[in-house]
Amino acid sequence: DTEVTQTPKHLVMGMTNKKSLKCEQHMGHRAMYWYKQKAKKPPELMFVYSYEKLSINESVPSRFSPECPNSSLLNLHLHALQPEDSALYLCASSQDAVGREAKNIQYFGAGTRLSVL
Amino acid sequence: GDSVTQMEGPVTLSEEAFLTINCTYTATGYPSLFWYVQYPGEGLQLLLKATKADDKGSNKGFEATYRKETTSFHLEKGSVQVSDSAVYFCALISGGSNYKLTFGKGTLLTVNP
């Protein structure tokens, strides 16, 4: 089973709203990732969590706030977003964030399609 | 830095045609190579992988061989179906940054009946 579950599938929010995206995996993976994907583009890495600690922040604006409550869950808290933040937000997980071969293979969820009005 | 170059589409084929999507890469050390597929309105699915030179990844009739001498990982399928219509991304993870997937720009494939 290589399932990563993301909720909600769709989200519409105003620029003053606060909302959260949720990601869950039960594969025992210790690395989890948030990506942002604009239409007709490849995903862009936002954050990496390794063993529940934030290890990489790709210079993401502070209106995006990640959280990893436990090894199976990853949240992305959204506040005061801009219309240009509208995109598909993808979560991924891997066995680990280091090492070669099977440990760094990333498995993706179906994504949350976010629209900011 | 690492980079992936794949043929830009769109690619349009008739059902049962042969498919090749070219992918070449530049990376430090010995990268792991991947093909991901994204069906309309969905997330990315891992299609196949290869972690060392001369490895052949295969899945659902798709194949790709890790060619170190030509730094390539071309995707092939002998007979495409309408259900193969999707965007295909070639990607790598290198020893330089074990966590970071470097993606190509993606190739849109449309298969007509």
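We use all heavy atoms of the structure for the numbers below, so side chains are in, but hydrogens, waters and symmetry mates are not. Letters go in sequence order (proteins before strands), and every chain restarts at 1. Not measured: the values here are computed from a predicted model.
- With a 4.5 Å cut-off on non-hydrogen atoms, A/E58 touches chain B through its side chain but not through its backbone.
- Summarising the geometry of B/L44 relative to A/F108, their closest heavy-atom pair is O-CB, 3.2 Å, with the distance given to 0.1 Å.
- A single hydrophobic cluster is not seen to contain both A/L78 and A/V12; linkage of ILVMFWY side chains at heavy-atom distances under 4.5 Å, directly or through other members, places them apart.
- Across all their heavy atoms, A/P43 and B/F103 have their closest contact at O-CD1, 3.8 Å.
- Only the side chain of B/Y36 comes within less than 4.5 Å of a heavy atom in chain A; its backbone stays farther off.
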Go through the steps to decide whether A/Y35 and B/L101 satisfy the test side-chain contact (heavy atoms from CB on, under 4.5 Å), and finish with yes or no. CA-CA 11 Å; A/Y35 287 83; B/L101 268 171; 3.8 Å; yes
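- Taking hydrophobic clusters as Ile, Leu, Val, Met, Phe, Trp and Tyr residues chained together by side-chain heavy-atom distances below 4.5 Å, B/W35 shares a cluster with B/Y39.
- To the nearest 0.5 Å, atom NZ of residue A/K40 and atom CG of residue B/L108 are 7.0 Å apart.
- When all heavy atoms of B/K49 and A/I105 are compared, the pair lying nearest together is CD-CD1, 3.0 Å.
- Heavy-atom neighbours of B/E16 CD from other residues, nucleotides or ligands within 6.0 Å: at or below the threshold of 12.
- In terms of hydrophobic clustering, with Ile, Leu, Val, Met, Phe, Trp and Tyr side chains grouped at heavy-atom distances under 4.5 Å, A/Y107 and A/L73 are assigned to different clusters.
- Put simply, of B/A91, B/G43, B/A50, the one with the most heavy-atom pairs under 4.5 Å next to chain A is B/G43.
- Side-chain heavy atoms closer than 4.5 Å link hydrophobic residues (I, L, V, M, F, W, Y) into clusters, and following such links, possibly through other members, connects A/L54 to A/V60.
- Contact of the A/I56 side chain with the B/K100 side chain is not registered, since no non-hydrogen atoms from C-beta on lie closer than 4.5 Å.
- With a 4.5 Å cut-off on non-hydrogen atoms, B/L46 touches chain A through its side chain but not through its backbone.
- Around atom NZ of A/K38, more than 12 heavy atoms belonging to other residues, nucleotides or ligands sit under 6.0 Å away.
- Only the side chain of A/Q37 has a heavy atom closer than 4.5 Å to any heavy atom of chain B.
- Of the atoms belonging to B/Q45, not a single heavy atom falls under 4.5 Å from chain A.
- For residues 109-117 of chain A, heavy-atom neighbours of chain B at less than 4.5 Å comprise A/G109, A/A110, A/R113, sorted by residue number.
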